[in-house]
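Residue numbers start from 1 in every chain, and the chains themselves are labelled A, B, ... in the order their sequence lines are given, proteins ahead of strands.
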Amino acid sequence: MPEIKLPEDFVTYPEARKKAFMALKALKEQGRRVVGIFCTYAPQELIDAADATSVSLCAIGEENIPAAEKVLPKNLCPLIKASYGGAVTDHCPFFYFSDMVLAESTCDGKKKMYEYLDKLKHTHVMQLPPGRDGRGAQEYWRQEVVAAKEDIENFYGITITEEKLREAIKLRNRERKAILDYYEVGRLKPSPISGYELNTVITSNEYAFDIEKKIAFLEKRTAELVEKYHSEYEGKPSRPRILISGCPTHGVIDKVIKRIEELGADVVGFENCCGPREKKDPVDETKDPITALAEKYLRVNCSVMSPNPGRYEALSEQIDDYQVDGVIEVVLMACHTYAIESEAMKQFVTKEKGIPFLSITTDYSTTDQGQIDTRLGAFIELLG
Amino acid sequence: MRYNIGIDIGSTCAKTIVLDENKNILHRLLQPTGWSSVETAEAIREKLTQLGVDWDRAAVVATGYGRISVPYADKCVTEITCHGRGACHIFGSEDLTVIDIGGQDTKLICVDDSVVKDFIMNDKCSAGTGRFLEIMANTLAVKPEELCSLAAHGGGVSISSMCTVFAESEVISLIGRGEKKENIAFGVVDSIVKKVSTQAGRLNLKDSKVCLTGGLCEFDYLRQRLEKTLGISVEACPDARYAGAIGAALSAAAIRK
Ligand code: SF4
Ligand code: SF4
């Protein structure tokens with residue numbers, strides 16, 4: 001089985017989380033404010049402008065699930081169970097260090113879980129409209145952004161100024177660009193970076209609390225990779241190129257992403273929340289910041305929105321730009337919105353884009369590794 | 001002469017096929033997988049040696065869920081690819097849909113121009129698999145093949161539970177109520193056919209030939225019922241239970257040595 005090549009200073013996701021925990025502890029000791037978030041819909045700029053650090057609470061790990069199942073049903077998405085389990089047992093240091101949580105009413109599972117989470121720690125749930133095109137949806141969501149801002153202000157007894165917001169927007173837009181450029185290394189054929197590394201670096205970087213440093217790190221790494229492509233990869237044959245779509249994959253990096261590459265294909269891109277989904281779409285810096293934030297965050301193309309046309313566009317573009325040979329969709333067990341959208345995605349990818357599509361349903365356990373391997377292996381074999 | 005060997009280690013049975021360079025079948029072996037795939041693989045090697053296989057001129061491809069347990073294999077290929085390839089060879093067609101009802105899973109595989117284009121696998125639960133049939137046959141104290149022949153003379157019973165464990169208690173209570181064996185057997189086969197047809201609905205079966213492979217391919221009544229429910233002719237033949245091994249042996253033929 002081919003080993004995946006990784007840079008010498010590579011840090012695995014669990015290691016990165018551990019490091020981040022120490023860094024966060026140090027920040028807390030200096031009196032830094034910390035706000036936990038879950039999802040791509042969270043307007044991080046509000047948190048930045050409150051001089052707080054935002055930290056992802058989206059948990060992984062099977063070990064967090066039994067505690068969650070004492071309260072939550074078994075038949076629930078593992079991401080939701082792991083997140084709640086990590087919080088309720090104090091296993092998740094990020095939840096432990098968070099002063100409050102900024103969440104959104106995305107899928108049913110998450111929003112009902114937040115009701116329990118709120119009993120552990122103040123959880124402000126922004127109410128998302130169920131679709132972005134409904135009459136008044138945009139204005140409604142704008143009001144929710146205002147409400148979230150006010151809640152953070154009241155919680156800390158501070159005022160979030162327009163100036164701070166504008167600064168935060170500028171910084172985060174630069175960060176988006178740096179992340180996007182890094183992802184786009186995957187467009188090179190053959191790809192000079194493994195998808196395993198890509199996914200790990202980006203998800204780990206959610207725990208890089210110094211944004212300026214993070215931008216610098218990513219810019220440097222991107223430049224190195226492009227350089228490496230020209231010196232070592234250009235003109236060489238490529239393995240089949242896979243685009244990942246569907247639910248967030250940070251909890252199944254080893255089980256799915258790494259396996260695909262060990263089985264003989266390259267993961268070159270992600271059309272999910274572990275990918276450049278929202279990075280391509282900066283916040284408008286010219287508008288009133290609250291309006292600009294509301295507009296931007298309602299454009300996130302997640303399956304919780306109905307309809308969700310943005311996902312077709314994103315898939316289509318990524319398939320072309322990343323020269324993709326096949327799409328593998330990962331659906332987390334009991335995630336209804338992605339499971340239902342799956343058939344439409346399959347039709348779109350196979351009929352409109354003319355390339356093979358595989359959907360796998362899995363969770364954070366390792367019990368189905370054999371079955372997953374067979375599906376992934378067969379799919380890679382059919383790509384030739 | 002070159003020996004192209006395909007070994008398909010499934011959950012219940014291990015199938016081995018040896019092809020010569022002209023793709024003629026030299027040997028067929030069938031044995032229970034037992035509890036250790038590694039030991040089974042070793043037993044197969046001994047058997048093949050006895051049969052006169054010259055290992056210096058042999059290429060081996062392993063497939064099936066125990067494929068990684070064949071240390072002397074030159075290559076592992078998934079059972080999906082092998083079943084597709086094997087079925088094309090057996091049924092003499094480049095475009096077909098394979099329904100493989102195996103011991104612990106059911107696979108539907110679409111093949112176009114001899115290449116697998118799409119597949120669906122049910123392996124999370126044993127409903128609609130050989131295992132399901134076996135358990136129900138046990139409960140009825142008959143052999144699986146007898147169950148199928150009995151079913152041909154039954155009717156009127158349907159088993160509603162999708163879960164094997166619940167279906168088993170349903171069968172037990174049917175027996176308790178004095179329902180005729182034939183009718184219960186009918187219900188069992190009906191449940192498998194329904195489950196497989198639901199899966200088939202997710203693939204485009206319309207204009208391709210449908211072939212039944214795997215352990216249940218010789219149960220003609222099951223084949224007939226599938227034909228009726230899917231509204232399309234379903235072919236089967238005795239070698240079809242070796243489809244995976246034949247596909248593996250064909251892959252072995254492509255290995256340069
Ligand atoms: S997939 Fe949707 S609900 Fe899940 S993290 Fe992404 S935006 Fe949020
Ligand atoms: S993966 Fe699906 S079910 Fe899980 S949190 Fe995201 S949208 Fe909800």
Side-chain angles (χ1 to χ4, degrees), chain A residues 1-2 74-75 78 240 255-256 259-260 262-265 325-335 339-351 353-384, chain B residues 8-11 33 37 61-69 73 75-86 88 98 100 102-126 129 163 198-199 201-204 244 247-248 250-251 254:
Chain A
M1 207 170 278
K74 206 170 162 48
N75 181 26
K255 185 175 180 177
V256 180
R259 287 306 283 157
I260 293 173
E262 286 171 344
L263 289 166
D325 299 313
V327 174
I328 296 181
E329 180 187 61
V330 179
V331 176
L332 293 177
M333 208 90 84
C335 172
I340 295 169
E341 239 176 55
S342 181
E343 179 61 20
M345 291 305 134
K346 177 175 178 171
Q347 293 306 328
F348 178 71
V349 171
T350 54
K351 302 265 153 67
K353 304 303 290 182
I355 59 170
F357 178 92
L358 173 74
S359 181
I360 53 170
T361 303
T362 193
D363 60 14
Y364 292 171
S365 74
T366 46
T367 50
D368 60 343
Q369 186 74 59
Q371 287 99 319
I372 297 288
D373 283 358
T374 299
R375 284 181 176 73
L376 297 176
F379 188 70
I380 294 165
E381 283 163 7
L382 76 82
L383 293 176
Chain B
D8 176 5
I9 305 213
S11 61
T33 302
S37 310
V61 167
T63 187
Y65 106 109
R67 63 186 177 280
I68 43 172
S69 314
K75 202 178 158 191
C76 291
V77 179
T78 64
E79 50 269 41
I80 312 258
T81 304
C82 288
H83 269 275
R85 218 169 259 166
C88 285
V98 181
D100 171 62
Q104 69 174 14
D105 63 23
T106 300
K107 301 181 263 292
L108 281 94
I109 307 162
C110 284
V111 187
D112 250 350
D113 283 336
S114 306
V115 182
V116 174
K117 280 282 142 69
D118 198 4
F119 60 88
I120 293 182
M121 237 177 135
N122 153 45
D123 52 18
K124 289 261 145 66
C125 85
S126 58
T129 68
C163 163
T198 315
Q199 278 181 284
R202 304 204 131 230
L203 285 174
N204 205 355
L250 291 168
S251 305

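The two residues B/D118 and A/K346 make their nearest non-hydrogen contact at OD2-NZ, 2.8 Å. Nearest approach of A/E343 to B/R202, heavy atoms of both residues: OE1-NH1, 4.1 Å. A/L382 and B/V115 make their closest contact through O-CG1, 4.3 Å (heavy atoms, listed as atom of the first residue, atom of the second, distance). Closest of all the heavy-atom pairs between A/G377 and B/T78 is C-CG2, 3.6 Å.
Interface residue B/R67: only side-chain heavy atoms are found under 4.5 Å from chain A. For A/L358, the part lying under 4.5 angstrom from a heavy atom of chain B is the side chain only. Looking at B/K107, there are no atoms closer than 4.5 Å to chain A (heavy atoms on both sides), in backbone or side chain. Of the two parts of B/F119, only the side chain, counted from C-beta on, holds a non-hydrogen atom closer than 4.5 Å to a non-hydrogen atom of chain A.
Atom CD in A/E381 sits 7.0 Å away from atom SG in B/C82 (nearest 0.5 Å).
For the side-chain contact (heavy atoms from CB on, under 4.5 Å) test, residues two or more places apart in sequence or in another chain that qualify with A/S359 are A/E329, A/V331, A/S342, A/F357. For A/F348, the ring pair (Phe, Tyr, Trp, His ring centres under 6.0 Å) partners at least two apart in sequence or on another chain are A/Y312.
The number of heavy atoms from other shown groups lying within 6.0 Å of NZ (B/K75) does not exceed 12. Remark: B/I120 CD1 is packed, more than 12 non-hydrogen atoms of other residues, nucleotides or ligands lying under 6.0 Å away.
Residues B/E79 and A/T374 have side chains in contact (heavy-atom distance under 4.5 Å, counting atoms from C-beta outward). The shortest distance between side-chain heavy atoms of A/Q371 and B/M121 does not fall below 4.5 Å.
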